[in-house]
Amino acid sequence: MKEWTREERYRVLKGPEDIRDLYDRIQKSVYRQTYHVQPITGLSSDPNGFALHKGTWHLCYQWCPWGAVHGLKYWYHVTSPDLVHWQNAGIGLAPDRDYDNRGTHSGSAISIGDDLVFYYTGNHRDEDWTRTPYTCAALLGADNRPVKLDQPLFGPRDDHSEHQRDPKVVWNEQKQRFYIFIGAQRLDKRGCVLVYESEKPLEGWRFAGELKVPGYESFGGMWECPYIVNISGRDVLIFSPQYTLLPGRGESTNHNVYLIGTMDYDTLTFTPDGPYRHLDYGFDFYAAQGAASIGDPDKAILIAWIGLPDNHYPTEEEDWEGSLSLPRELRVKGGKLLQTPLAALESLRGAALKPNGTLPAACELEIACPDGDFEIALFTREDGSGGLRLSYDAARKACRVDRSGMDKRFNIPVGEVLDMPVETPLKKLRVFVDRCSVEIFANDGESTFTTHLYPTDREFHYTATEGVSLRGWEMERAVTDEFVV
Ligand code: FRU
């Protein structure tokens, strides 16, 4: 694995020619995604600035141009007419001001009349590397590139640690004001959310208080990427708590969880109805963010980073890694989130799967499950060995997913086996495979499981126990992957 110096990781991009050769080289990788947003070069991580504006979906990702390493972060911008087909639009935000000199970190967007307003964290560092996180804003310009405000909207609070970032903006109709939720850490290193408010999107921001979440006062060391949304009258709080182990999640200390409850903007209290749940039970799912301005009170549209902080993936050797998940629809039912793939994805279905037990590198599978226990192994070798093994245990109400049999193993210390709990008997699976990722939706979105997977050229078979019925389609290309910087 390459060792990166700080200088290399924090190099400023002078122009497109700096990364042209790198782009050409990684284009040849067999693991480039065909219908998932991925970095044009280097590393992509969190989704940022996700919103519908004047009929176009805007989405950015945290981007480090130089390689599969976390360093100087840009926002790279992609757009879509339908959340299925994506086009590269070039750099969204570059760390080119003093207040964001060491990175334009995560944030959100909201469509307000003619304006698409972006909120992000300006990661400022002094010479001695002391960090000051600023909450900053930009407006989408006529050339489809965001234009920054001259000054940040506000700086950090000194009664919390330096970890204050990832502004998620929401409009509250009842209060007639905007709120910004910021992921934060208290001085004693417990995670929390800070809330700011203003009647106007670009001025007048004041601190409203720390969000109270009864029962979650000591839950992880930093809450990254908070997101709050009202779906069918229930409030949903989604966040990514770090620096903590959680039951059933192996050795991972990074998680993405949600609470359903009631948000009281008078007292800034989010009262959960029940326990937290994992947004996704897979190995690689983090920093999820919902799209703003979708105009439907009964659903949200969510996208996440297929990856985790601190993890390493096989394409690191090729100087790139990361991908965004498919956007998914969220609904609230029976005190839980139901997460389903978008119906429009069906337009990508191409040729039906051949009946010879082999899998194309990019495909969708629909699996009807028998009653009781069963096993399916995807991307096995010809003799049926290895593969991504899914074993359902009806008594335990869980589907165990094991990726330890693959040729390319990775993140072994974090764990290669995880359970996807399924509370109702498992009847149906929808599986979306792209060249380096697998997303599984169980029982109409009751539970989901997302993982990176890097099958080698001998791993393209599948096996299933009797009674499992599987059909599927090759998926057509939906990302252009052009060199636009
Ligand atoms: C989450 C995160 C954010 C931060 C960004 C930096 O993965 O750590 O909290 O803004 O990544 O890239």
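In listed order, ligands and their atoms are each counted from 1. Predicted model, so just to flag it, every value in this text is computed and none were measured.
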Pairing of Arg186 and Asp188 as salt bridge, 4.0 angstrom limit = no
Contact (N/O only, under 3.5 Å) between Arg165 and ligand 1 = yes
A student checking ligand 1 against Glu224 at a 4.0 Å heavy-atom cut-off should list atoms 1 (C), 2 (C), 3 (C), 7 (O), 8 (O), 9 (O)
Is Lys73 positioned over the aromatic face of Trp75, cation under 6.0 angstrom from the ring centre and no more than 45 degrees off axis?
-> no
Go through ligand 1 atom by atom and flag the ones less than 4.0 Å from a non-hydrogen atom of Trp305.
-> 7 (O)
What's the verdict on side-chain hydrogen bond (donor to acceptor under 3.5 Å, both in side chains) for Tyr120 and Asp100, showing C-alpha distance, side-chain angles and the deciding distance?
-> CA-CA 10 Å; Tyr120 72 99; Asp100 60 18; 2.8 Å; yes
Select the closest option to atom 10 (O) of ligand 1 among Asp166, Leu72, Asp46, judged by heavy-atom distance.
-> Asp166
What residue among Phe432, Tyr281, Phe441, Phe283 forms ring-ring contact (aromatic ring centres under 6.0 Å, His included) with Phe449?
-> Phe283
Please state whether the rings of Trp86 and Phe50 are parallel, tilted or perpendicular, taking 30° and 60° as the class boundaries.
-> tilted
Could you tell me the residue and atom name of the protein heavy atom closest to atom 12 (O) of ligand 1, and the distance to it rounded to 0.1 Å?
-> Gln62 OE1, 2.6 Å
Close-contact set for ligand 1 against Lys73 heavy atoms, below 4.0 Å = 12 (O)
Identify, by atom number and element, the atoms of ligand 1 in contact range of Ser106, meaning under 4.0 Å from any of its heavy atoms.
-> 5 (C), 10 (O)
Validation row: Gln339, Leu279 side chains within 4.5 angstrom (heavy atoms) | yes
